[in-house]
Peer 1: 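First the structure, which I've put down as structure tokens, then a few questions once you've had a look.
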Amino acid sequence: MALLLFGTIINLFLYTFLKSVTISNYFLRVLLFIVGTTISGYSTGRALSLNLLKFPIEHFCVLIANRSNHSFKFYRYSIDIFCVSFSLLLSWLYQLPIVVREGTVISLFLLSFMISWAKEKE
């Protein structure tokens with residue numbers, strides 16, 4: 001239920017309060033994306049460390065890390081790298097447009113780092 005409310009709040013802000021805001025400068029858009037990714041990664045990591053919410057991928061990584069010798073960060077990065085690699089492979093095999101762009105690469109490195117850092121932070 002909390003995850004549904006989380007999405008509803010995001011939609012409320014994006015499509016109601018911020019619908020008239022348009023950022024046309026590319027570097028400002030990238031900067032805002034980095035700030036948003038940092039905030040969301042930190043928030044997700046803190047929610048995980050407090051056991052408030054169980055996000056599916058992150059909870060899966062926590063469960064696997066608890067039963068193995070590898071860390072949460074290892075599994076979280078592994079899933080991200082696998083998904084991006086799989087997307088690139090499918091694009092190459094089926095001659096589809098490549099949809100992995102700068103936002104995907106930023107998220108690949110920054111989101112998992114922030115989640116792991118905030119999760120371990122007390």
Peer 1: Angle class for the W117/Y42 ring planes (parallel below 30°, perpendicular above 60°, tilted otherwise)?
Peer 2: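 Answer is tilted, since the angle falls between 30° and 60°.
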Peer 1: Would F27 and V30 show up in the same hydrophobic cluster when neighbours are defined by side-chain heavy atoms closer than 4.5 Å?
Peer 2: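 Yes; V30 is reachable from F27 via cluster members.
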Peer 1: Find the distance between CZ (F74) and OG (S68) and round it off to the nearest 0.5 Å.
Peer 2: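 If we round to the nearest 0.5 Å, F74:CZ and S68:OG are 8.0 Å apart.
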Peer 1: Stepwise, does the side-chain contact (heavy atoms from CB on, under 4.5 Å) test hold for I115 with F55?
Peer 2: CA-CA 11 Å; I115 291 171; F55 299 99; over 6 Å; no
Peer 1: Which atom pair, heavy atoms only, marks the closest approach of I23 to R29?
Peer 2: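 Scanning both residues completely, I find the closest heavy atoms to be O-CD, 3.0 Å.
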Peer 1: Counting only heavy atoms not in L63, do more than 12 sit closer than 6.0 Å to its CG atom?
Peer 2: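 Yes, because the 6.0 Å sphere around CG of L63 holds more than 12 heavy atoms from other groups.
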Peer 1: Return yes if some donor-acceptor pair links the side-chain N/O of S91 with the main-chain N/O of P97 below 3.5 Å, else return no.
Peer 2: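 Confirmed, S91 side chain pairs with P97 backbone.
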Peer 1: CG of L90 to CD1 of I98: how many Å apart, nearest 0.5 Å?
Peer 2: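 Separation between the atoms: 11.5 Å.
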Peer 1: Please report the interatomic distance OG(S85) to CG(D80), rounded to the nearest 0.5 Å.
Peer 2: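 Nearest 0.5 Å value for the OG-CG distance: 10.5 Å.
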Peer 1: Okay, side chain of S40, backbone of T37: is any donor-acceptor separation there less than 3.5 Å?
Peer 2: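 Between the backbone of T37 and the side chain of S40 there is a qualifying donor-acceptor contact (under 3.5 Å).
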Peer 1: Test of understanding: clusters of I, L, V, M, F, W, Y form through side-chain heavy atoms closer than 4.5 Å, transitively. Do V21 and F33 belong to the same one?
Peer 2: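 No; tracing contacts between hydrophobic side chains, which count when under 4.5 Å, never links both residues.
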Peer 1: Using distance alone, with no hydrogens and no angle criterion, decide if T104 and R101 have a side-chain donor and acceptor under 3.5 Å apart.
Peer 2: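 No.
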Peer 1: Kindly indicate, with the supporting measurements, whether the criterion side chain to side chain donor-acceptor pair (under 3.5 Å) is fulfilled by R46 and S43.
Peer 2: CA-CA 5 Å; R46 294 306 299 151; S43 302; over 6 Å; no
Peer 1: Could you give the distance from CG (L88) to CG (L93), rounded to the nearest 0.5 Å?
Peer 2: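 So the CG of L88 and the CG of L93 are separated by 11.0 Å.
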Peer 1: With clusters defined by side-chain heavy atoms of hydrophobic residues (ILVMFWY) lying less than 4.5 Å apart, directly or transitively, does Y26 cluster with L110?
Peer 2: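 Yes, one cluster joins them.
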Peer 1: Tell me if the CZ atom of F86 is crowded by more than 12 foreign heavy atoms within 6.0 Å.
Peer 2: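 Not more than 12 within 6.0 Å, no.
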Peer 1: Under a 4.5 Å side-chain heavy-atom rule over Ile, Leu, Val, Met, Phe, Trp and Tyr, are Y77 and M114 clustered together?
Peer 2: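 Yes, because Y77 and M114 connect within a single hydrophobic cluster, where side-chain heavy atoms sit under 4.5 Å apart.
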Peer 1: Quick one: closest heavy-atom pair of A65 and S71, and the distance?
Peer 2: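 Minimum heavy-atom separation between A65 and S71: CB-C, 3.8 Å.
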Peer 1: If you compare all heavy atoms of G41 against all heavy atoms of A118, which two are closest, and at what distance to 0.1 Å?
Peer 2: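 Minimum heavy-atom separation between G41 and A118: O-CB, 4.5 Å.
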Peer 1: Taking atom OG1 of T44 and atom CG of L111, what is their separation to the nearest 0.5 Å?
Peer 2: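 If I round to the nearest 0.5 Å, the distance is 6.5 Å.
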Peer 1: Check whether I57 and V62 end up in the same hydrophobic cluster, where Ile, Leu, Val, Met, Phe, Trp and Tyr are linked by side-chain heavy atoms less than 4.5 Å apart.
Peer 2: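 I57 and V62: separate clusters.
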Peer 1: Atom CD of E102 and atom CG of L108: how far apart are they, to the nearest 0.5 Å?
Peer 2: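 It comes to 13.5 Å.
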Peer 1: Can you give me the closest heavy-atom contact between S49 and K119, atom names plus distance?
Peer 2: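 Nearest heavy atoms, S49 then K119: CB-O, 3.3 Å.
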